[in-house]
Amino acid sequence: METIPLVAGRDYPHTYRGFVKMFPDNEACATYLRKIRWPQGFVCPSCGIISTPWKTTRDRLACPSCRYRTTVTAGTIFDKTRTPLTTWFEAAWHVSTAKNGMSAKTLERTIGTRYRVAWTMLQRFRVAMVDAERKQLAGRVEVDETYIGGVKRGGKRGRGATKSIVVIAVEVKDPKGFGRVRLRHISDVSGASLIPFVNDVVASGSTIQTDGWGGYNCLDPTKYTRSITVQSSSGDPAHVSMPGVHRIASLLKRWILGTHQGCVVPEHLQSYLEEFTFRFNRRSSNSRGLLFRRLIERAVATSPVTESDVTFGYGWG
Ligand SMILES: [Zn+2]
């Protein structure tokens with residue numbers, strides 16, 4: 001989409017030192033958001049005219065044509081936030097540059113906010129990450145389900161513990177290696193849950209590799225070629241017949257157990273899957289600072305998320 005390539009040190013910080021220098025105060029953060037949100041100049045949300053806005057107060061902008069007043073954060077995930085932009089930026093930096101991301105607990109300690117503030121920022125960033133994944137997977141795509149287990153319900157381990165089902169789709173490259181992934185938390189493994197997922201995330205013309213499970217029988221044959229992996233009676237292990245999904249499932253489980261100590265409740269599982277996907281699909285990016293920039297870009301392009309959205313589980317529909 002961008003015509004001019006982004007430059008480290010100018011368009012995004014390269015190191016934490018550079019980050020601190022680039023964003024000394026809220027004003028610097030707001031200016032950065034303005035550049036990302038309105039690269040061709042301020043576009044009035046009311047009349048649509050491009051102009052240089054008047055600054056009425058520190059962060060209020062007014063349209064010279066229609067006098068409509070707004071802020072750079074209005075209509076984004078930063079909308080009406082009481083948390084300073086510097087704190088949001090600090091959180092975005094740590095979340096995008098830590099190799100495995102961060103739990104709310106670690107973020108709370110790292111930037112010194114209250115737990116609730118850290119948790120809410122993380123949830124909002126995860127919502128911003130989902131829209132980044134619009135382009136459908138293509139080529140040869142492995143699809144299979146996995147179980148995220150031992151998820152605690154009611155705070156008790158063991159008794160009443162419930163497993164959540166996650167369906168995984170991953171591009172498999174020739175001769176080896178994997179492309180992008182997409183993940184969805186589903187309530188059961190019926191065709192009614194599996195087929196819409198495949199239709200949403202895999203492009204027409206792709207080859208879908210599955211096991212013999214009947215839930216995939218209703219894949220549209222005019223849209224996809226289905227290739228069924230039949231496990232041999234000698235017991236071909238899953239990692240041989242479906243290396244992609246096997247690899248993703250084990251990375252996902254390790255991430256949930258490691259970074260998040262396994263503390264992921266079913267209501268919020270999808271938002272964790274979005275963060276895993278965002279991170280995995282950009283794993284080859286050689287600059288962590290670029291990931292920070294992408295996250296901020298997503299954050300200004302994403303509509304406000306309410307407190308109740310993040311508290312009771314975002315309606316991912
Ligand atoms: Zn206007």
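Sequence positions, counted from 1, serve as the residue numbers for this chain. These numbers come from the heavy atoms of this one structure, side chains and all, not from hydrogens, waters or symmetry mates. Numbering of ligands and ligand atoms starts at 1, following listing order. Computed from a predicted model, the values in this text were never measured in an experiment.
Listed by chain and number, the hydrophobic cluster partners of Val172 come to none, as no ILVMFWY side chain reaches under 4.5 Å of it.
For residues 10-24, the pairs satisfying side chain to side chain donor-acceptor pair (under 3.5 Å) are Tyr16-Glu90, with sequence neighbours left out.
A donor-acceptor distance shorter than 3.5 angstrom exists from the side chain of Glu142 to the backbone of Val245, with no hydrogens or angles considered. Although no hydrogens or angles enter the test, the distance criterion places no donor-acceptor pair under 3.5 Å between the side chain of Asp211 and the main chain of Thr229. Here the side chain of Trp213 pairs a donor or acceptor atom with the backbone of Val189 at under 3.5 angstrom.
Residues passing the side-chain hydrogen bond (donor to acceptor under 3.5 Å, both in side chains) test with Glu108, sequence neighbours excluded: Lys105.
Listing protein N, O or S atoms at distances below 2.8 Å from the Zn ion (ligand 1), with waters left out, gives Cys44 SG, Cys47 SG, Cys63 SG, Cys66 SG.
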